[in-house]
Amino acid sequence: MRYLYHTQSDLVMLALVDCNNFFASCEIAFDPTLRNKPLVVLSNNDGCVIARSKEAKNLNIPMGAPIFKYESLFKAHGVKKRSSNFTLYGDMSNRIMAILSKEEFPIEIYSIDEAFLDLSSLPKEKLLSYAKTLRKKIYNYSGISVSIGIAPTKTLAKASNCFAKKKETEHVHLITNEQITEHLKHFLIKDIWGIGRAHLAFLTARGLKTAYDLCQKQDDWIKKHLTIQGLRTIKELLGVKSIDSIDRFCPRKGLLRSSSFGKEIEDYKELEKAISYFCSEAALRLRKEKLTCSYLQVFLHTNRFKTPNFSKSLSLALPFPTQSTRVLTGYALTLLKKIYKPQTLYKKAGVAFGDIQTSTSTQQDLFVKESPKEEKLMKAFDEINARYGKKTLHLASEGSSNSWKPKRVLKSPSYTTSWNEILHIKI
DNA sequence: TCTGGGGTCCTAGGACCC
DNA sequence: TCTGGGGTCCTAGGACCC
């Protein structure tokens, strides 16, 4: 090993709590008929697989599998399918994160189904028993099973979680400083957090297999071929903190709304409806999070599985920060007009907001300001929609019929967020 | 026929300035 | 007539993550 860093990080222990097969587990928690069955959760448009139950994984259905290629396998094994229900998953995630937040350890919510906890204040001998208790608590409160990996850095905690997931029952694992080398020898490069497809192919072609192999390489070699990010990953694997341990306040930097269409779209008016819809969704999100943006991008893609295909995007720095649906949609539609080409079949479009700031701290330009009326208008707009239902008010450019919208025919009910769809129990 | 969406970070290269 | 290099800023595109 190149480094022996067994001093500075002796005191740090991070746990990664990761929900097992999260989207599939959420569906199963509310529908017992799915229990112990192969289940796949599908992407927008019911196009490909984005989550799998344990049984579906055992059938070697890969992540991202386009379902039209797997229909016969699904039929042969009675694989159940569900469209994705992000309202349900988001709500379940909030519940689990609330349980973790009450644990009184520093926490960083990393994704919809993962959080890091800083357990440095716990004595080493109590780490595993604490993790086991926490797992039980989360399962009892939410019906979701989690894995917990503990180690001195985030990247090692991720690795530790992989070891935890492979266990039959407990799904809890600890890597101490003394055990790092031994673990690296049994940890494959393909499972390293931060090494993706492209770099994996590069490293495999050079005969490297395990994390240990990779750690034998010199820093400048790593940096040259895997960039500075890769070097950070390697250091973390060796027990040296190179990613901020726990970051509780990470404001968002961008906001994107996009989707593939249910069919290919040529009509400009339809694209206008779609872009307007994305803008209104993204702007609503800005207002909910009390943020503004002052950078806007619009993009269009043709079907990327056909040749030739192309994409076009255009962006614009706004004259002032805003969160207004009206203002943002106005600019977005002028951008759309500039990039639209007639006689082209588009398959996907979207808008992205950038230069995001909190609305209270927004630096207003001395002369160019948004009219204060705009803020009042949006407030009234949101209140009416909150009271009388989503989209009671919307911009005319959004239209009322949306032939571009993707299909989601197998969606489960919004059990936890809609009174009309609440779970019924028959006794 | 049918192939996701929402993020972050890094790098290379062009424009521009001195 | 000949000819430069360094710095900054911006953006597109790639790689990675879930």
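As the structure is a computational prediction, the values presented were derived from the model and not from experiment. Proteins get letters first, then strands, A, B, ... in listed order; numbering begins at 1 in each.
- At a threshold of 4.0 angstrom between heavy atoms, the contacts of A/Ile192 are confined to the sugar-phosphate backbone, with no base atom among them.
- Contacts of A/Glu114 with the nucleic acid, taken as non-hydrogen atoms under 4.0 Å apart, involve only primed sugar atoms and P, OP1 or OP2.
- The residue among A/Pro251 and A/Phe23 whose nearest nucleotide of DNA chain B is located toward the 5' end is A/Phe23.
- Contact annotation for A/Ile228: backbone-only contact, meaning every heavy-atom pair under 4.0 Å involves sugar-phosphate atoms and none involves a base.
- For A/Ser258 and B/dG5, the shortest distance from a side-chain N or O to OP1 or OP2 is not below 4.0 Å.
- As rounded to whole Å, 15 Å separates atom P of C/dC16 from atom CD1 of A/Ile243.
- A/Ile195 comes within 4.0 angstrom of the backbone, heavy atoms only, and of no base.
- The pairing partner recorded for B/dC18 is C/dG5, the criterion being a Watson-Crick or G-U wobble arrangement whose two distances lie under 3.5 angstrom.
- Ranking C/dC16, B/dG5, C/dC18 by closeness to the A/Ser260 side chain, first place goes to B/dG5.
- For the pair A/Phe278 CZ and B/dG4 P, the interatomic distance rounds to 14 Å; values are reported in whole Å.
- For the pair A/Arg135 and A/Tyr139, the cation does not sit on the ring face, since its NZ or CZ is not both under 6.0 Å from the ring centre and inside 45° of the axis.
- Residue A/Ser313 is out of contact with every strand shown, counting any heavy-atom pair closer than 4.0 Å.
- If you check every strand for non-hydrogen atoms under 4.0 Å, A/Asn45 touches nothing.
- To the nearest whole angstrom, the two P atoms, one in C/dC18 and one in B/dT3, are 25 Å apart.
- Residues A/Leu39 and A/Ala56 come closest through the heavy atom pair O-CB, 3.5 Å.
- Side-chain nitrogen and oxygen atoms of A/Lys253 include at least one within less than 4.0 Å of the OP1 or OP2 phosphate oxygen of B/dC9.
- Both the sub-6.0 Å distance and the 45° axial angle are satisfied by A/Lys185 relative to the ring of A/Tyr212.
- In this structure, A/Lys337 forms no cation-pi arrangement with A/Tyr268, as its terminal cationic atom is not both closer than 6.0 Å to the ring centre and no more than 45° off the ring axis.
- Counting only N and O atoms by type, the side chains of A/Asn85 and A/Ser412 include a donor and acceptor under 3.5 Å apart.
- If you check every strand for non-hydrogen atoms under 4.0 Å, A/Lys347 touches sugar and phosphate atoms only.
- Atom C1' of nucleotide C/dC16 and atom CD1 of A/Ile189 are separated by 16 Å, given to the nearest angstrom.
- Atom CZ in A/Phe310 sits roughly 13 Å away from atom P in C/dG13 (whole-Å rounding).
- Comparing A/Leu255 and A/Thr227 against DNA chain B, the residue whose closest nucleotide sits nearer the 5' end is A/Leu255.
- When rounded to the nearest whole Å, the span between NZ of A/Lys154 and P of C/dC17 equals 15 Å.
- Backbone-only engagement by A/Tyr110 is indicated by non-hydrogen atom pairs under 4.0 Å involving sugar-phosphate atoms exclusively.
- Relative orientation of the A/Phe163 and A/His183 rings is perpendicular, given thresholds of 30° and 60° on the angle between their planes.
- Computed from coordinates, the A/Leu226 CG to C/dC17 P distance equals 12 Å when rounded to whole Å.
- Distances were taken from every side-chain heavy atom of A/Ala198 (C-beta onward) to each of C/dA15, B/dG4, B/dC2; the shortest belongs to C/dA15.
- As judged by a 4.0 angstrom heavy-atom cut-off over every strand, A/Lys158 is placed among residues touching the sugar-phosphate backbone only.
- Comparing B/dG7, B/dG6, B/dG4 by their closest approach to the side chain of A/Arg252 singles out B/dG7.
- In this structure, A/Arg232 reaches the sugar-phosphate backbone alone: every heavy-atom distance under 4.0 Å involves primed, P, OP1 or OP2 atoms, never a base.
- Applying the 5.5 angstrom centroid cut-off and the 30 degree plane-angle cut-off, the aromatic ring of A/Phe305 is stacked upon the base of B/dT3.
- Of the candidates B/dC2, C/dT11, B/dG4, C/dT11 carries the atom nearest the A/Tyr295 side chain, counting heavy atoms from C-beta on.
- Among the nucleotides B/dG5, B/dC10, B/dG6, the one closest to any side-chain atom of A/Asn44 is B/dG5.
- For A/Asp113, the side-chain atoms get nearest to C/dC18 when compared with the rest of B/dG4, B/dT8, C/dC18.
- Distance, A/Ile109 CD1 to B/dG7 P: 16 Å, rounded to whole Å.
- Side-chain contact between A/Cys26 and A/Ile144 is present, with at least one heavy-atom pair separated by less than 4.5 Å.
- Nearest to the side chain of A/Ile50, among B/dT8, B/dG4, C/dC17, sits B/dG4.
- Distances from the side chain of A/Ser315 to the nucleotides B/dT3, C/dA12, B/dG4 place C/dA12 closest.
- Taking the six-membered ring where tryptophan is involved, the planes of A/Trp193 and A/Phe116 are tilted, since the angle between them lies from 30° to 60°.
- Note on A/Lys348: only backbone sugar-phosphate atoms sit closer than 4.0 angstrom, heavy atoms only; bases stay farther off.
- The side chain of A/Arg257 sits closest to B/dG7 out of B/dG5, B/dG7, C/dC17.
- Between A/Glu108 atom CD and C/dC18 atom P the separation is 13 Å, expressed in whole Å.
- If you check B/dG5, C/dC17, B/dT3 against the side chain of A/Trp193, the one that comes closest is C/dC17.
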